[in-house]
Amino acid sequence: MDRILLCLAHMSGREMDFVKEAFDDNWVVPLGPNVNGFEEDLREFVISEESAAGAADLSYQRLCPSLKDEKVVALSAGTAAVHLGLLSCGVGLGDEVIVQTFTFCASSHPVTYLGATPVFVDSERDTWNMDPQLLEEAIKDRIKVTGRKPKAIVPVYLYGMPARIDEIMEIAARYDIPVVEDAAEGMGSRFDGRVCGTFGRYGVLSFNGNKMITTSGGGALICPDEEAYREVMFYATQARESYPYYQHEKIGYNYRMSNICAGIGRGQMTVLAEHIAHHKHVQELYCELLADVKGIEMHVNPSPRFDSNFWLCTATLDEELKIKGQDEVYGEVVTGSVGGAAGVTHTAASAHTDVEPNTNVEALRVWLDKAGIESRPLWKPMHLQPVYKANPSYVNGVSEALFRVGICLPSGPWVTDEHVRYIVSQIKAAIEA
């Protein structure tokens, strides 16, 4: 209890009010008023009038669920949301699911939980997200090779950037394959004015500690209608049948969000718009301050149709850019977590892997780390991960090329203008004349 109270002491007023109410009312379980309230807050956000207006008169959105019918289930993690979204699409043993390769492993691991096989598709250069042309090529080839079409498609909104979801939805409809949007990093991002996560049959949100808003850990699944919502809720609460005793006819999961975490989420929803605006401001400031730095390019919205939340601000380094200390990196085997990674890691077997960021990218990461600034490489594509080396993949070189040259810069709610100026000054100082 002392540790819980210590955590509460660091919360803002609104979060504290909801969490205290949960303790006062003894709702310290994975259900309760905060869970219900958080789900309704999320639903109101994704079906907002602004989102509905953005959906008007766009022909491809006839393929999307009706915003007014969509409902939200609060869950223990974004990974759980991916899992239940795929389960609800009928994914099972022996199936194949097309997954964007340029992503975090939570987009693909749930496919394997279900006994299915992730089939990886590469990105296009503008958004860094799933290439629609390559997607269709992959679908055609999987049908040719296996005699069956993939069971689902999982595009991702990498670092908050919307995908070309209009083209993806058109292709998915052509082959009658459901789409599970991984919008874990895209909370509040929009495409054609419509909230990301509301285009496909299911949409995934994440409230991990580093996301746009947090419940300390947690996620949610946007469902197309009441029937789908009830089915997801059934599986999220251990799949119990309606008897006066525990009767289980299907395998369920303990995936419901706790009332305490949901209380934090309700408070966080009151600052969501502020957080999104702040991330966009930080992105603009990076662009302004790095505009005259040759060899560094910020990743930006490709056109007005794309409205990224800029969850993380990302940049690419020209291969010819020389960073101080570049000749000395990758010299030691890593023995622990790097960049704030949580949990237990195995000691690296070697200082190198077969595909890794260029030496100037690693040198800049090390330089910034010594200056007290946390930065990270981009996600290593899933088709390059040893655990998926035998999986089918359809690649064009884009994600691998970006992984080699890309870096993520600080952009959270606590990053001030002064912080950004300091970060940019350190980047400039790291560049050899």
Side-chain angles (χ1 to χ4, degrees), residues 4 18-19 21-23 25-47 65 69-93 106 109-116 152 154 178 180-184 197-198 200-208 211 213-266 268-269:
I4 293 174
F18 287 120
V19 173
E21 181 181 312
F23 277 103
D25 295 342
N26 204 29
W27 281 103
V28 191
V29 287
L31 76 162
N34 280 336
V35 180
N36 298 336
F38 187 40
E39 288 174 337
E40 186 55 33
D41 291 343
L42 290 168
R43 181 177 183 274
E44 289 180 6
F45 176 77
V46 301
I47 68 168
D69 294 332
E70 291 191 313
K71 301 198 67 167
V72 181
V73 180
L75 300 166
S76 57
T79 309
V82 177
H83 187 185
L84 292 186
L86 293 170
L87 179 69
S88 299
C89 289
V91 175
L93 185 65
H109 283 1
V111 178
T112 66
Y113 300 166
L114 292 165
V154 185
V180 178
E181 295 171 84
D182 186 345
T198 66
R201 184 173 298 180
Y202 294 95
V204 173
L205 300 175
S206 173
F207 313 116
N208 193 25
K211 293 300 190 293
I213 62 169
T214 184
T215 58
S216 78
L221 189 65
I222 304 170
C223 303
D225 50 41
E226 177 73 21
E227 181 180 359
Y229 165 83
R230 291 181 63 82
E231 186 74 355
V232 168
M233 189 74 78
F234 170 75
Y235 281 107
T237 52
Q238 301 286 25
R240 293 173 294 177
E241 306 296 331
S242 58
Y243 293 90
Y245 44 84
Y246 285 87
Q247 172 86 357
H248 301 281
E249 299 175 9
K250 296 183 178 180
I251 298 296
Y253 307 90
N254 185 19
Y255 277 172
R256 204 77 166 97
M257 180 179 284
S258 83
N259 200 49
I260 299 298
C261 290
I264 299 171
R266 294 185 74 183
Q268 286 274 290
M269 286 298 292

Do you know which two heavy atoms are closest between [X] and [Y], and how far apart they sit?
X: A106; Y: T79; value: CB-OG1, 3.4 Å
X: A81; Y: A220; value: CB-O, 3.4 Å
X: V232; Y: S88; value: CG2-OG, 3.4 Å
X: A116; Y: V91; value: CB-CG1, 3.6 Å
X: T215; Y: G265; value: CG2-CA, 3.5 Å
X: R201; Y: C89; value: CD-SG, 4.3 Å

Side-chain contact test, heavy atoms from C-beta onward, threshold under 4.5 Å: evaluate it for [X] versus [Y] and give yes or no.
X: Y229; Y: R43; result: no
X: L42; Y: F207; result: yes
X: E39; Y: V73; result: yes
X: L114; Y: H83; result: yes
X: Y243; Y: H248; result: no
X: L86; Y: Y113; result: no

*Candidate list E227, E44, E231, E226, test salt bridge (Lys or Arg N to Asp or Glu O under 4.0 Å), partner K71, passing option*: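 One option only clears the test, and that one is E226.
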
Between [X] (side chain) and [Y] (backbone), is there a donor-acceptor pair under 3.5 Å?
X: Q247; Y: E241; result: no
X: E181; Y: G203; result: no
X: R256; Y: A74; result: yes
X: D69; Y: D225; result: no
X: T214; Y: K211; result: no

Rounded to the nearest 0.5 Å, what separates atom [atom1] in [X] from atom [atom2] in [Y]?
X: L84; Y: M233; atom1: CG; atom2: CE; answer: 10.5 Å
X: F38; Y: M257; atom1: CZ; atom2: CE; answer: 5.0 Å
X: C261; Y: L75; atom1: SG; atom2: CG; answer: 12.0 Å
X: I213; Y: I264; atom1: CD1; atom2: CD1; answer: 11.0 Å
X: I260; Y: S216; atom1: CD1; atom2: OG; answer: 10.0 Å
X: L87; Y: Y202; atom1: CG; atom2: OH; answer: 9.0 Å

*V72 and L221: CA distance, side-chain angles, deciding distance, side-chain contact (heavy atoms from CB on, under 4.5 Å) verdict*: CA-CA 6 Å; V72 181; L221 189 65; over 6 Å; no

*Parallel, tilted or perpendicular: ring planes of Y255 versus Y253, cut at 30 and 60 degrees*: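 Correct class here is parallel.
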
